[in-house]
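The figures here come from the full heavy-atom set of this structure, side chains too, leaving out hydrogens, waters and symmetry mates. All values derive from a computational prediction rather than experimental measurement. In this chain, numbering begins with 1 at the start of the sequence shown. When a ligand or atom number is given, it counts from 1 through the structure's own listing order.
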Amino acid sequence: MTFKAPRGTKDIFGDDIFLWQEVEKILRGICERFCVSEIRTPVFEQTELFQRGVGETTDIVTKEMYILEKKGSESVTLKPEGTAGAARAFVENSMYAQPQPTKLYYITPAFRYERPQAGRQRQFHQFGVEIFGSYDSSCDAEAISIAYETLNRIGIQNIELRINSLGGNQCRKKYNKILKDFIGNNIDSLCEDCQERFEKNPLRVLDCKNEKCKKVIENAPSVIECLDGECSAHFEALKKNLDNMSIPYVVDSKIVRGLDYYTRTVFEFVSNEIGSQGTVCGGGRYDNLISECGGPQTGAVGFAMGLERIMMLVKSQELIKTKGRNVDIYIGSIGDEGFLKAQSIGFELRKAGINAEYDTLKRSVKAQLKYANKIDAKYSIVIGESEINNDKVMLKDMRESSQKEIKLSSLKEMLIQLMN
Ligand code: ATP
Ligand code: MG
């Protein structure tokens with residue numbers, strides 16, 4: 001019997017895992033700089049949280065969720081995104097009663113039943129930031145600046161920030177009506193999905209990836225013209241905030257994002273270098289979600305970045321050089337006595353903070369040293385009976401191909417010095 005990883009999932013290991021770890025280090029470093037703390041929420045939540053939070057008419061809820069049913073217990077769903085869980089945690093743990101804002105980040109797997117293709121998987125990973133407690137545009141700009149600086153720090157080139165405003169409930173109502181009229185007049189030119197969904201949620205049509213629909217949408221009326229005074233002022237203020245931080249952007253009135261909870265600001269960072277799945281980051285303001293989750297009315301804004309798409313850019317633009325495995329010393333051994341000494345010294349060195357490796361396969365010395373080369377160990381020694389009896393060993397510098405004799409009993413001190 002052999003097994004395969006489920007369709008749309010990937011093992012991450014070998015050279016790739018060093019790249020992932022390096023990127024994760026950057027993400028955590030950025031969050032520390034921007035005073036954002038980590039939150040880890042469960043991988044599954046009550047199904048209803050996503051239905052209400054993400055929105056009944058979204059693609060995610062209507063066709064992409066992994067719903068788990070167990071006889072006798074309530075329905076739970078693998079998280080398709082991170083915001084709903086963070087919002088639930090904010091309310092359940094009364095974080096709103098603490099001094100605001102509450103700034104949270106997560107690095108999490110997410111699950112969506114989609115057709116796998118480059119940059120689109122069924123289990124993928126998101127880096128997300130959520131800021132709760134402010135309605136002000138400066139907070140939208142703060143979230144955007146975190147995403148911007150993250151992409152910058154990773155070194156990603158040629159990426160565009162697109163912003164838009166969907167307005168508040170009233171503006172949305174007004175726009176939905178105008179958009180419905182427009183779509184109604186073009187209904188025959190749309191894909192089947194859109195013909196069906198435009199009645200319930202016309203905004204979804206703007207988000208459709210079908211080429212036919214994209215063509216129609218080009219001429220759709222702009223949501224920005226439906227913004228009321230306050231929403232318009234909010235959007236203008238956001239632009240000022242971004243200008244103030246010298247963050248470049250373009251206004252794109254067709255951006256609506258795939259989730260229902262957005263109000264006012266929405267934004268995306270898009271690359272044209274990784275094919276059709278070019279959106280590496282999406283976010284926006286969602287002032288109704290916290291109250292929807294049973295908390296007090298609370299301003300909120302956030303984003304999520306797709307890490308698989310980030311990694312595609314990291315690789316194609318060759319942005320990060322990793323050192324790979326970092327082995328300080330390989331301890332070769334001859335015979336049983338030699339092995340026991342190698343094992344005890346190896347353990348001592350590891351406890352002292354030195355990355356040490358020794359043979360556990362009972363290989364020949366020649367094979368051991370070949371392996372030491374392969375794992376790119378900085379130093380190596382070989383311990384046999386005479387090394388133990390005379391307290392002497394040759395310390396070989398594998399990179400310089402030079403060696404010198406040292407006392408076996410002073411190996412640890414020697415290495416500590418060499419490593420600093
Ligand atoms: P798309 O339009 O590409 O389907 P989305 O609007 O569904 O994206 P969000 O729900 O906003 O995306 O998720 C934020 C980010 O997560 C996306 O910009 C993308 O980088 C990433 N992402 C979303 N779905 C997937 C997936 N199935 N596989 C890999 N990454 C994904
Ligand atoms: Mg999607």
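- Using a cut-off of 4.0 Å between Lys/Arg side-chain N and Asp/Glu carboxylate O, Asp207 and Lys214 are scored as not salt-bridged.
- Close approach of ligand 1 to Val280 is summarised as follows: ligand atoms under 4.0 Å from at least one heavy atom of the residue are 18 (O), 20 (O).
- For a threshold of 3.5 Å applied to N or O pairs, the pair formed by Arg120 and ligand 1 contains at least one separation below that value.
- Within a 4.0 Å radius of atom 8 (O) of ligand 1, the protein contributes no non-hydrogen atoms.
- Under the 4.0 Å criterion applied to side-chain N and carboxylate O atoms, Glu348 and Arg350 are not assigned as salt-bridge partners.
- Remark: Tyr286 engages Tyr261 in a ring pair (Phe, Tyr, Trp, His ring centres under 6.0 Å) (not counting sequence neighbours).
- Of the protein's non-hydrogen atoms, Gly306 CA, 3.6 Å is the one closest to atom 21 (C) of ligand 1.
- In terms of polar-atom proximity, defined here as any N/O pair under 3.5 Å, Arg257 does make such a contact with ligand 1.
- Residues Asn241 and Ser137 have side chains that bring a donor and an acceptor to within less than 3.5 angstrom of each other.
- Between the side chains of Lys215 and Ser189, no donor-acceptor pair of N or O atoms lies under 3.5 Å.
- Distance from atom 20 (O) of ligand 1 to its nearest protein heavy atom, with residue and atom name: Thr279 O, 2.9 Å.
- Of the candidates Gln126, Met305, Glu64, Arg112, Gln126 brings a heavy atom nearest to atom 16 (O) of ligand 1.
- Residue-ligand proximity: Gln121 is placed with a non-hydrogen atom under 4.0 Å from ligand 1.
- Residue Gln277 places no N or O, backbone or side chain, under 3.5 Å from any N or O of ligand 1.
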Compile the donor-acceptor pairs under 3.5 Å between side chains in residues 275-284 and protein atoms, sequence neighbours left out, one pair per line.
from: Gln277; atom 1: OE1; to: Arg120; atom 2: NE; distance (Å): 3.3
from: Gln277; atom 1: OE1; to: Arg120; atom 2: NH2; distance (Å): 2.6
from: Gln277; atom 1: NE2; to: Gln117; atom 2: OE1; distance (Å): 3.0

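- Phe124 CD1, 3.4 Å is the protein heavy atom nearest to atom 30 (N) of ligand 1.
- With Tyr379 as the fixed residue, the side-chain contact (heavy atoms from CB on, under 4.5 Å) test singles out one of Leu411, Val327, Leu395: Leu395.
- For atom 27 (N) of ligand 1, the nearest protein heavy atom (residue, atom name, distance) is Glu114 OE2, 2.6 Å.
- A donor-acceptor contact shorter than 3.5 Å is absent between the side chain of Arg285 and the backbone of Thr263.
- Close contacts of ligand 1 with Lys209, meaning ligand atoms under 4.0 Å from a residue heavy atom, involve 1 (P), 2 (O), 4 (O).
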